[in-house]
Amino acid sequence: MEDLLGLATTSSAFRIEPRLTGRVAAFFDVDNTVLPGEASEVRFFRWLWRRGVVGWPEVRASISWLIRHLPPLSLHPLRERKLYLAGKPSRVIRHLGEEFCREQLCPRVSPTATRVIEEHRKAGHAIVLLTGSLDFLIGPIAAALQAERCFAGRLEQIDGVYTGRLVPPLPYGQGKRRLIEQLARDFSLDLSRCYAYGDSPGDFELLQAVGHPTVINPIRGMARTAKRKRWPIQQWR
């Protein structure tokens, strides 16, 4: 893990390899999969709170917007709006996010995930991360893991200031499936030979799209789904 952290501290951008054509890919969710436990953005919000970057005005704005747009039993609107960052300069927030990632997230990457990724790499498989988390929080991890592609949430900005809206497509649910299907078309990947790892219903479409799905640290009913679909279940810590 020290090697991983060392790599991450020297690289803040995604590592992008130019060629995927003809390769098998291994697709990895990040929150509670590569990064076991609490979602990275929840940790980031708390980290910003302790530094006084966000506070009760941002909480009230998010709750107010959620009440106006909330479907029954769904928090999906909060995945599409990051109002706690609205009005904040992107340069400052991105710098804080990358600092937070190197300090708080890179040391928490699952050793099992690191080993599985290395096994896929040795087999010649392309490594692809897909996450609804924000790109600047995941960039150092993607670079450290030498991922060929990383699809993450991207915040809209106007004149260097975040609006709180995300630029579509959001890598969540159907969005993940559409992204890998486009990747397969662009690079002639055979999804029936590909692998996917995810933990929640937001990964169901991704897992169903490949020939070798595995459910990791299942939450929100995914253990039942995996048993019904006869997908392997693993615990990564």
Side-chain angles (χ1 to χ4, degrees), residues 1-17 26-54 58 78-86 88-118 121 127-157 160-162 164 166-167 170-172 176 179 197-200 202-203 216-217 236-237:
M1 190 55 58
E2 291 179 358
D3 291 341
L4 176 63
L5 184 56
L7 277 168
T9 56
T10 61
S11 178
S12 60
F14 302 146
R15 177 176 177 138
I16 302 297
E17 297 293 340
F27 302 106
F28 292 83
D29 174 49
V30 177
D31 282 337
N32 199 41
T33 304
V34 172
L35 284 173
E38 194 173 35
S40 56
E41 204 172 337
V42 173
R43 294 171 178 170
F44 183 50
F45 181 89
R46 193 161 51 237
W47 190 84
L48 292 177
W49 182 287
R50 289 197 296 266
R51 284 156 178 76
V53 179
V54 298
E58 287 83 1
L78 286 181
R79 297 189 182 96
E80 299 177 329
R81 293 291 189 277
K82 309 297 179 183
L83 295 184
Y84 71 99
L85 296 177
K88 294 182 167 48
S90 59
R91 184 176 65 176
V92 171
I93 296 300
R94 291 188 73 88
H95 175 76
L96 289 171
E98 290 168 3
E99 177 187 347
F100 165 78
C101 180
R102 292 190 293 268
E103 175 188 311
Q104 299 290 327
L105 299 184
C106 286
R108 296 175 183 267
V109 169
S110 163
T112 305
T114 304
R115 175 180 56 78
V116 171
I117 287 170
E118 187 56 31
R121 181 174 292 111
I127 306 303
V128 180
L129 305 185
L130 298 104
T131 176
S133 187
L134 296 173
D135 56 357
F136 54 77
L137 295 181
I138 304 303
I141 293 173
L145 294 173
Q146 302 177 59
E148 277 80 5
R149 292 288 188 276
C150 180
F151 297 100
R154 292 187 300 120
L155 279 168
E156 177 187 73
Q157 55 180 294
V161 175
Y162 285 134
L166 286 171
V167 178
L170 176 65
Y172 183 85
K176 287 190 176 184
L179 284 165
Y197 302 86
D199 72 310
S200 75
D203 298 309
I216 308 299
N217 304 336
W236 291 1
R237 299 297 181 221

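By convention here, the first residue in the shown sequence is residue 1.
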Query raised in the report: Between Ile93 and Val53, is any pair of side-chain heavy atoms under 4.5 Å apart?
Result: yes
Query raised in the report: For Phe28 and Leu145, what are the C-alpha separation, side-chain angles and deciding distance, and is it a side-chain contact (heavy atoms from CB on, under 4.5 Å)?
Result: CA-CA 11 Å; Phe28 292 83; Leu145 294 173; over 6 Å; no
**Report entry** From CD (Gln104) to CG (Leu35), nearest 0.5 Å
**Finding:** 11.5 Å
Query raised in the report: Sub-3.5 Å donor-acceptor pair from the side chain of Ser110 to the main-chain atoms of Val34, do we have one?
Result: no
**Report entry** Working for side-chain contact (heavy atoms from CB on, under 4.5 Å), residues Ser133 and Val30
**Finding:** CA-CA 8 Å; Ser133 187; Val30 177; 6.0 Å; no
Query raised in the report: Does Ile127 reach the side chain of Gln146, with side-chain heavy atoms less than 4.5 Å apart?
Result: no
Query raised in the report: How are the rings of Phe136 and Phe44 set relative to one another: parallel (under 30°), tilted (30 to 60°) or perpendicular (over 60°)?
Result: perpendicular
Query raised in the report: Between the main-chain N or O of Leu130 and the side-chain N or O of Lys176, is there a donor-acceptor pair closer than 3.5 Å?
Result: yes
Query raised in the report: Does atom CZ of Arg121 have more than 12 heavy-atom neighbours from other groups under 6.0 Å away?
Result: yes
Query raised in the report: When rounded to the nearest 0.5 angstrom, what is the spacing between NZ in Lys88 and NZ in Lys82?
Result: 14.5 Å
**Report entry** Closest non-hydrogen atom pair between Leu48 and Leu96, with its separation
**Finding:** CD2-CD1, 4.0 Å
Requested in this report: Answer yes or no: is there a donor N or O on one side and an acceptor on the other, between the side chain of Asp135 and the main chain of Ala152, under 3.5 Å?
Outcome: no
Query - SB check Arg51 Glu99 (cutoff 4.0 Å) - result: no
Query raised in the report: What closest approach, in Å, do Pro140 and Arg102 show between heavy atoms, and which atom pair accounts for it?
Result: CB-CG, 4.2 Å
Query raised in the report: Considering all heavy atoms of both residues, which atom of Ser40 and which atom of Ile138 are nearest to each other, and what is their separation?
Result: OG-CD1, 4.2 Å
Query - Rounded distance (nearest 0.5 Å) linking atom CG of Leu170 with atom CZ of Arg154 - result: 11.0 Å
**Report entry** Glu156 side-chain N/O to Val167 backbone N/O, donor-acceptor pair under 3.5 Å
**Finding:** no
Query - Atom pair CD/OG1 of Glu41 and Thr131 - distance to nearest 0.5 Å - result: 9.0 Å
Query raised in the report: If you measure from CG on Leu129 to CD1 on Ile141, what distance do you get to the nearest 0.5 Å?
Result: 8.5 Å
Query raised in the report: Is the Tyr84 ring parallel, tilted or perpendicular to the Phe45 ring (thresholds 30°, 60°)?
Result: perpendicular
Query raised in the report: Would you say Asn32's side chain and Asn217's backbone share a donor-acceptor pair under 3.5 angstrom?
Result: yes
Report task. Could you tell me whether the side chain of Ser90 and the main chain of Gly160 form a donor-acceptor pair under 3.5 Å? Result -> yes
Query raised in the report: Atom OG of Ser200 and atom CD1 of Ile216: how far apart are they, to the nearest 0.5 Å?
Result: 12.0 Å
